[in-house]
Participant: 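Have a look at this one before I ask anything.
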There are 2 protein chains.
Amino acid sequence: MTGRRRWSTEEILDTAAELLRTSDADSFSVRKLAAALGTDSSSLYRHFRNKTELLRAVADRILLTAMDGYRPEGDWKQRVTTLALRLREAFGEQPQLAGVWARFGSGGTGSRLVMEELLQALRTSGLPDEEVPARYHRIVILVAALIASEAGIGTLTSKEYEQGMEQFRVAVLGADPEHFPALSHFARDIRPLGVDRRAAFEEILAAQLAHIEAQMP
Amino acid sequence: MTGRRRWSTEEILDTAAELLRTSDADSFSVRKLAAALGTDSSSLYRHFRNKTELLRAVADRILLTAMDGYRPEGDWKQRVTTLALRLREAFGEQPQLAGVWARFGSGGTGSRLVMEELLQALRTSGLPDEEVPARYHRIVILVAALIASEAGIGTLTSKEYEQGMEQFRVAVLGADPEHFPALSHFARDIRPLGVDRRAAFEEILAAQLAHIEAQMP
DNA sequence: ACCTGAACACCGTTCAAGT
DNA sequence: ACCTGAACACCGTTCAAGT
């Protein structure tokens with residue numbers, strides 16, 4: 001309309017988040033974001049050094065909204081679990097950002113809120129202070145890896161997903177019993193990676209936390 | 001030289017694997033592969049439906065070479081751990097393929113060998129047969145997630161990595177003690193996600209396996 | 001029967017030129 | 001001081017035309 005317009009960084013991030021939520025697959029691009037804002041992609045480079053920097057900023061907003069209204073409840077294991085599930089859900093709606101977060105971190109207020117809550121929960125666990133950082137490190141690696149890999153599957157188009165399922169079926173059900181006896185034996189009960197992710201997430205995390213607890217004095 | 005030349009699928013996969021090993025960052029492309037083969041990218045589409053299909057085939061070769069010379073040793077936990085570490089190492093040298101594997105699977109002989117060995121190990125564990133598939137599923141999800149996310153960090157250029165480290169330092173060391181007391185307290189001992197990955201991998205997996213063992217009759 | 005060239009519809013990023 | 005247009009150097013993929 002006006003031909004010229006100054007966009008605030010906030011508006012850009014909002015629009016980017018919106019686009020990442022609605023767009024299917026990996027179709028987000030700087031050019032599309034610019035088009036949605038009604039401007040040229042070149043003008044966005046005044047606000048962000050590059051695309052990664054932009055996505056990191058959006059990822060940090062995801063963390064912020066994930067922490068919105070959060071109140072710690074229960075013992076340390078429940079707190080860690082609730083936190084992890086919140087992050088999982090938040091990135092589940094914006095799967096492209098999960099990969100950015102796991103690779104680059106986000107480095108803003110959102111990430112600080114997450115780190116703070118996780119550390120506070122561990123501090124109430126009875127762990128000696130000097131063991132907290134190492135336990136923290138393992139938990140973050142585990143949670144980030146699970147979320148990012150689940151999100152990676154979430155970015156597949158339904159055609160890609162179906163195709164992968166089909167090839168999985170062929171690999172499992174078509175295995176020669178002579179060379180792959182165990183695989184043939186369990187073939188009908190083996191499930192592909194993409195199913196039952198929420199239960200898997202909770203179980204794997206619970207095992208990790210139980211293990212930490214078991215090693216306490 | 002000859003102007004015309006038929007490439008076998010084998011040769012294409014070999015060259016692709018080579019290129020993925022040596023190329024830094026995400027710079028692999030169909031066009032570069034074609035150039036390395038001395039042909040045009042369009043001719044590769046007779047051998048593969050698309051880029052993903054090509055990468056899946058290379059990923060399956062990685063699994064094959066990872067299993068090369070493998071002999072089961074020790075109890076079931078040692079077998080699972082050895083297998084997982086082999087995969088981790090194989091994809092560590094070709095980090096771009098880890099993401100493809102975790103998202104799409106590979107669906108060839110390599111993946112069958114891995115599935116077979118993992119199932120056989122679980123079968124010797126003393127788990128009742130009907131619990132094996134669920135335990136198998138969790139282990140694969142965990143191992144694939146850890147390997148892919150570690151590899152994701154491995155695809156960063158050293159500039160990107162340094163930049164991420166710097167921003168991590170700022171986020172942690174620059175946190176206001178009033179709003180982030182636990183973070184400030186542990187600031188100097190909190191480590192970024194990318195460090196100490198091998199130890200983290202082994203510990204997290206060990207916790208998972210110990211948890212399975214603890215639930216046995 | 002096989003391969004090539006050229007094209008299509010995109011990317012991220014830069015930078016001189018405009019207002 | 002800010003924005004735009006145009007360009008650069010790439011992508012994956014398709015398909016008519018060549019040999």
Side-chain angles (χ1 to χ4, degrees), chain A residues 1-13 15-16 19-20 22-59 96-97 99-100 103-104 152 155-157 159-161 163-164, chain B residues 1-13 15-16 19-20 22-59 96-97 99-100 103-104 152 155-157 159-161 163-164:
Chain A
M1 325 258 169
T2 70
R4 274 241 227 152
R5 164 85 148 88
R6 274 220 312 299
W7 301 97
S8 73
T9 303
E10 284 305 304
E11 287 173 286
I12 296 173
L13 292 181
T15 311
L19 226 57
L20 283 158
T22 57
S23 79
D24 32 354
D26 313 64
S27 63
F28 177 84
S29 74
V30 177
R31 285 170 126 105
K32 279 179 189 158
L33 172 58
L37 287 161
T39 181
D40 188 89
S41 60
S42 58
S43 40
L44 299 178
Y45 284 86
R46 197 171 324 287
H47 299 84
F48 302 97
R49 242 186 309 181
N50 51 43
K51 192 187 179 186
T52 299
E53 216 57 31
L54 164 63
L55 290 176
R56 277 168 49 104
V58 185
Q96 305 179 59
L97 291 174
V100 174
R103 283 177 42 151
F104 300 94
T155 61
L156 299 180
T157 63
K159 199 179 125 199
E160 287 173 324
Y161 186 80
Q163 203 172 299
Chain B
M1 322 267 172
T2 73
R4 272 234 230 159
R5 164 85 148 88
R6 275 216 315 299
W7 301 98
S8 72
T9 304
E10 284 306 303
E11 287 173 285
I12 296 172
L13 292 181
T15 312
L19 225 57
L20 283 157
T22 55
S23 77
D24 33 354
D26 312 65
S27 64
F28 176 84
S29 74
V30 177
R31 283 170 127 105
K32 279 180 191 158
L33 171 59
L37 287 161
T39 182
D40 188 87
S41 60
S42 58
S43 40
L44 299 177
Y45 284 86
R46 197 171 323 287
H47 298 85
F48 301 97
R49 242 188 308 186
N50 51 44
K51 191 186 181 186
T52 299
E53 218 56 31
L54 164 63
L55 290 175
R56 277 168 49 102
V58 185
Q96 304 178 61
L97 291 174
V100 173
R103 283 178 44 153
F104 299 94
T155 61
L156 300 180
T157 62
K159 199 178 125 199
E160 287 173 323
Y161 186 80
Q163 202 172 301

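These figures come from a predicted structure and were not determined experimentally. Here is how names work: the chains are called A, B, and so on, in the same order as the sequence lines, proteins then strands, and each is numbered from 1.
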Participant: Quick check on DNA chain C: between B:R46 and A:D40, whose nearest nucleotide comes earlier from the 5' end?
Facilitator: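 Comparing both residues, the 5'-ward one is B:R46.
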
Participant: Using whole Å, what does the distance between atom P of nucleotide D:dA7 and atom OH of A:Y45 come to?
Facilitator: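 Going from A:Y45 (OH) to D:dA7 (P), I get 19 Å.
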
Participant: Strictly below 4.0 Å: does B:T39 bring a side-chain N or O up to OP1 or OP2 of C:dC3?
Facilitator: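 Answer no for this pair, as no side-chain N or O of B:T39 is under 4.0 Å from OP1 or OP2.
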
Participant: Could you state the atom-to-atom distance from CG of B:L55 to C1' of D:dG12 in whole Å?
Facilitator: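 The answer, rounded to whole Å, is 12 Å.
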
Participant: I want to check something: taking the side chain as every heavy atom from C-beta on, are B:L97 and B:F28 in contact at a cut-off of under 4.5 Å?
Facilitator: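 SC-SC contact between B:L97 and B:F28 ruled out.
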
Participant: What stems show up for DNA chain D when you take Watson-Crick pairs (N1-N3 plus N6-O4 or O6-N4) and G-U wobbles (N1-O2, O6-N3), both under 3.5 Å, and require three or more consecutive pairs?
Facilitator: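 DNA chain D forms these stems: C:4-8 with D:12-16, C:12-16 with D:4-8.
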
Participant: Please give, in whole Å, the distance from C:dC3 P to B:F48 CZ?
Facilitator: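 Atom CZ in B:F48 sits about 13 Å away from atom P in C:dC3.
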
Participant: Pick the C1' atom in D:dC11 and in C:dC8, then give their distance to the nearest Å.
Facilitator: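 That atom pair is separated by 12 Å.
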
Participant: Between B:T155 and A:R103, do the side chains contain a donor N or O and an acceptor N or O under 3.5 Å apart?
Facilitator: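 Yes, B:T155 and A:R103 have a side-chain donor paired with an acceptor closer than 3.5 Å.
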
Participant: So, A:K51 side chain and A:V30 main chain: donor-acceptor pair closer than 3.5 Å or not?
Facilitator: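 No, because the side chain of A:K51 does not come within donor-acceptor range (under 3.5 Å) of the backbone of A:V30.
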
Participant: Just jot down the side-chain contact (heavy atoms from CB on, under 4.5 Å) partners of B:R46, sequence neighbours excluded, or say none.
Facilitator: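 With neighbours one apart ignored, the set is empty.
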
Participant: So, under a plain 3.5 Å distance rule, would you say the side chain of B:S41 forms a donor-acceptor pair with the base of D:dG12?
Facilitator: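 No such pair is found, so the answer is no.
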
Participant: My understanding is that only residues two or more places apart in sequence, or in another chain, count here; which of them pass side-chain contact (heavy atoms from CB on, under 4.5 Å) with A:V100?
Facilitator: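 A:V100 satisfies side-chain contact (heavy atoms from CB on, under 4.5 Å) with A:L55, A:R56, A:F104 once adjacent residues are dropped.
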
Participant: A:V58 pairs by side chain to side chain contact (heavy atoms under 4.5 Å, CB included) with which of A:L20, A:T15, A:L19?
Facilitator: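 The option that passes is A:L20.
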
Participant: Check the pair B:E11, B:H47 against side-chain contact (heavy atoms from CB on, under 4.5 Å), reporting the backbone distance first and the verdict last.
Facilitator: CA-CA 11 Å; B:E11 287 173 285; B:H47 298 85; over 6 Å; no

Participant: Give the rounded distance in Å between these two atoms: CG of B:L44 and C1' of D:dT14.
Facilitator: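 Checked: the CG to C1' distance equals 14 Å.
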
Participant: Please report the distance, rounded to the nearest Å, between CG in A:N50 and P in D:dC10.
Facilitator: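 Rounded to whole Å, this separation is 18 Å.
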
Participant: Ignoring backbone atoms, test whether B:K32 places a side-chain nitrogen or oxygen under 4.0 Å from the OP1 or OP2 oxygen of D:dC10.
Facilitator: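 For D:dC10, OP1/OP2 do not have a side-chain N/O of B:K32 under 4.0 Å.
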
Participant: Starting from the 5' end of DNA chain D, give me the residue, B:K51 or A:R31, whose nearest nucleotide shows up first.
Facilitator: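 Result: A:R31.
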
Participant: Counting just side-chain N and O atoms, does A:S29 come under 4.0 Å of either OP1 or OP2 of C:dC11?
Facilitator: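 For A:S29, the contact criterion (side-chain N or O under 4.0 Å from OP1 or OP2 of C:dC11) is met.
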
Participant: Please state how far atom CZ in B:F28 lies from atom C1' in D:dC10, giving the value in whole angstrom units.
Facilitator: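 Rounded to whole Å, this separation is 15 Å.
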
